[in-house]
Chemist: 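The structure is given below, and queries will be raised subsequently.
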Amino acid sequence: MKRLTIAIDGPAGAGKSTVARIVAQRLAYTYIDSGAMYRAVTWAVSRQAIAVTDREAVIKAARSLNLALTYRDGKTQVLVDGEDVSESIRTPEISRQVSEVAKIGGVREAMVRLQRQLASFGGVVMDGRDIGTHVLPDADIKIFLTASIKERARRRWQELSDKGYTVSLEDLTKDISCRDRVDCERDIAPLIQAADAVLIDTTALTIHQAVEQILRLCEERTSGLQNPS
Ligand code: DC
């Protein structure tokens, strides 16, 4: 059976990574979290005390980043120079800075090159903001996953609270709206729904329901490829 390439885009907190990871598991595909790559660049930049406004230095750090993404115990493991940064790239501080780093053209070029290499063998679920529109425009299935801002902020609050962070829902709502704005309004590969993407609003859906919708689309697609009319 043809191994599909599945692109899942959408704003922060829509459930992309959870849904993408489960879809990949169910299909025995590789899951690629493209946001983790921009977060790893942001982490490296902060570790080297480079200001995110110093574009040249940030691009240099992105190009020379020794990044590896592996999958272990159902979780993506992100390694920079062999150091496991999977947790450190998800702190509120990195979340606040990452959109600024991700809008730099040279950073995006370096990451997109890597993302295309990783997807080149098919059998891949990749989530992000520009996967269906820019990174993998020929993806077999494109999903635009979204949810109301209130629900997305609530989910992020829950996620951070579970990890022991004390954050206010109000601040988180502001941070997420701010990231949405930067991601949607940037000049290069902004967050928009691809014309051929299927919209799934997860505000009132469980993870399981969203996963099942995507798996149904995959089934339709593969049976269409096997029985072309
Ligand atoms: O999905 P996430 O929250 O981990 O993404 C982190 C940031 O990276 C987010 O602000 C948008 C950016 N990003 C991007 O610009 N393009 C992608 N393909 C993935 C993420």
Side-chain angles (χ1 to χ4, degrees), residues 1-12 14-41 62 65-80 82 84-86 89-90 102 108-146 189 191-200 202 205-229:
M1 194 185 293
K2 180 179 190 268
R3 286 165 64 76
L4 303 173
T5 299
I6 304 170
I8 303 184
D9 290 301
K16 293 185 305 293
S17 53
T18 311
V19 167
R21 194 181 319 117
I22 300 174
V23 168
Q25 265 169 355
R26 295 273 296 270
L27 297 170
Y29 282 9
T30 306
Y31 165 53
I32 302 166
D33 176 351
S34 69
M37 299 181 176
Y38 292 99
R39 287 174 178 272
V41 176
L65 190 73
N66 176 12
L67 175 68
L69 293 184
T70 59
Y71 200 63
R72 209 166 165 188
D73 302 329
K75 280 188 179 171
T76 301
Q77 209 179 19
V78 184
L79 305 176
V80 172
D84 186 347
V85 298
S86 316
I89 61 169
R90 304 207 180 268
R108 301 201 71 80
E109 275 165 31
M111 294 303 111
V112 169
R113 201 173 310 126
L114 200 56
Q115 289 154 11
R116 287 183 179 150
Q117 266 170 20
L118 292 169
S120 59
F121 298 105
V124 153
V125 184
M126 190 182 293
D127 76 345
R129 304 293 190 286
D130 60 340
I131 310 305
T133 50
H134 180 66
V135 180
L136 305 172
D138 298 325
D140 299 294
I141 306 261
K142 296 183 187 176
I143 306 290
F144 194 83
L145 209 66
T146 189
L191 169 66
I192 41 162
Q193 182 179 343
D196 50 353
V198 175
L199 176 72
I200 300 181
T202 66
L205 292 186
T206 61
I207 294 291
H208 175 74
Q209 287 169 323
V211 166
E212 289 304 322
Q213 282 195 26
I214 297 173
L215 290 175
R216 259 198 309 278
L217 289 168
C218 294
E219 254 176 57
E220 284 167 18
R221 186 66 215 251
T222 41
S223 63
L225 289 171
Q226 276 162 4
N227 311 306
S229 50

Chemist: Can you check whether Leu199 reaches Thr146 side chain to side chain, under 4.5 Å on heavy atoms?
Modeler: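 Counting from C-beta outward, Leu199 and Thr146 do come under 4.5 Å.
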Chemist: Between Arg116 and Leu136 (side chain of the first, backbone of the second, donor and acceptor by atom type, cut-off under 3.5 Å), is there such a pair?
Modeler: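 Checking the backbone N and O of Leu136 against the side chain of Arg116, no donor-acceptor pair under 3.5 Å is found.
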Chemist: Looking at Ile192 and Thr133, what are the two nearest heavy atoms and their distance?
Modeler: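 Shortest heavy-atom contact: O-CG2, 3.6 Å.
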Chemist: Can a donor-acceptor pair be found, under 3.5 Å and without considering hydrogens, that links the side chain of Lys16 to the backbone of Asp127?
Modeler: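 Not a single qualifying donor-acceptor pair exists.
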Chemist: Could you give me the CA-CA distance, side-chain angles and deciding distance for Met37 and Leu118, then say whether side-chain contact (heavy atoms from CB on, under 4.5 Å) is met?
Modeler: CA-CA 12 Å; Met37 299 181 176; Leu118 292 169; 3.4 Å; yes
Chemist: Rounded to the nearest 0.5 Å, how far does CZ of Arg3 lie from CZ of Phe121?
Modeler: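 Reported value, rounded in 0.5 Å steps: 11.5 Å.
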Chemist: Which atom pair, heavy atoms only, marks the closest approach of Gly122 to Thr5?
Modeler: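 The pair with the smallest heavy-atom distance is CA-OG1, 3.9 Å.
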Chemist: Nearest heavy-atom pair of Leu145 and Gly15: which atoms, and what distance?
Modeler: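 In terms of heavy atoms, the two residues are closest at CD2-C, 3.7 Å.
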Chemist: Give a yes-or-no answer on whether the side chains of Thr70 and Gln77 include a donor-acceptor pair shorter than 3.5 Å.
Modeler: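 There is such a pair between these side chains.
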Chemist: Using the rule given for side-chain contact (heavy atoms from CB on, under 4.5 Å), can you reason through Lys142 versus Ile8, listing the C-alpha separation, both sets of side-chain angles and the distance that settles it, and then say yes or no?
Modeler: CA-CA 6 Å; Lys142 296 183 187 176; Ile8 303 184; over 6 Å; no
Chemist: To the nearest 0.5 Å, how far apart are CD in Gln115 and OG in Ser34?
Modeler: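 The CD atom of Gln115 sits 5.0 Å away from the OG atom of Ser34.
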Chemist: Quick one, Thr76 with Val78, criterion side-chain contact (heavy atoms from CB on, under 4.5 Å). Give me CA distance, side-chain angles, the key distance, then yes/no.
Modeler: CA-CA 6 Å; Thr76 301; Val78 184; 4.2 Å; yes
Chemist: Just how far is it from atom CD1 of Ile200 to atom CD of Gln209, taken to the nearest 0.5 Å?
Modeler: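 Spacing of CD1 (Ile200) from CD (Gln209) equals 11.0 Å.
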Chemist: When you compare the side chain of Leu67 with that of Leu114, does any pair of heavy atoms fall below 4.5 Å?
Modeler: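 Yes. Closest side-chain heavy atoms under 4.5 Å.
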Chemist: For the residue pair Val19 and Ile214, establish whether any side-chain heavy-atom pair is separated by less than 4.5 Å.
Modeler: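 Side chain of Val19 against side chain of Ile214, heavy atoms only: contact under 4.5 Å found.
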Chemist: Starting at OG of Ser17, measure out to CD1 of Ile32 and round the result to the nearest 0.5 Å.
Modeler: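 Rounded to the nearest 0.5 Å, the OG-CD1 separation comes out at 14.0 Å.
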Chemist: I need the Cys218 SG to Ile6 CD1 distance, nearest 0.5 Å.
Modeler: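 Nearest 0.5 Å value for the SG-CD1 distance: 3.5 Å.
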Chemist: Might you point out which heavy atoms bring Val124 and Ala119 nearest each other, and give the distance in Å?
Modeler: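 Residues Val124 and Ala119, closest heavy atoms: CG2-CA, 4.0 Å.
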Chemist: With the side chain counted from C-beta on, respond yes when Val23 and Tyr29 share a heavy-atom pair under 4.5 Å apart, and no when they do not.
Modeler: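 They are not in contact (no side-chain heavy atoms under 4.5 Å apart), so the answer is no.
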Chemist: In Å and rounded to the nearest 0.5 Å, what is the CD1 to CD1 distance from Ile22 to Ile207?
Modeler: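 Interatomic distance, Ile22 CD1 to Ile207 CD1, rounded to 0.5 Å: 6.0 Å.
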Chemist: Would you please name every residue forming a salt bridge (charged side-chain N to carboxylate O under 4.0 Å, His left out) with Arg21, sequence neighbours left out?
Modeler: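 In terms of salt bridge (charged side-chain N to carboxylate O under 4.0 Å, His left out), with neighbours along the sequence ignored, Arg21 is linked to no residue.
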Chemist: Strictly below 4.0 Å, N to O, side chains only: are Asp9 and Arg129 in salt-bridge contact?
Modeler: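 Salt bridge absent between Asp9 and Arg129.
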Chemist: Salt bridge check, Arg90 against Asp33: does any charged N sit closer than 4.0 Å to a carboxylate O?
Modeler: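 Arg90 and Asp33: salt-bridged.
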Chemist: How close do Tyr38 and Val112 get, heavy atom to heavy atom, and via which atoms?
Modeler: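 Between these two residues, the closest heavy atoms are OH-CG2, 4.2 Å.
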Chemist: Of all the heavy-atom pairs spanning Tyr31 and Ala24, show the shortest one and how long it is.
Modeler: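 So the two residues come closest at CB-CB, 3.7 Å.
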Chemist: Go through it in stages, so that I can follow the logic: the residues are Asp130 and Leu191, the test is side-chain contact (heavy atoms from CB on, under 4.5 Å), and I'd like the CA-CA distance, side-chain angles, deciding distance and then a yes or no.
Modeler: CA-CA 6 Å; Asp130 60 340; Leu191 169 66; over 6 Å; no
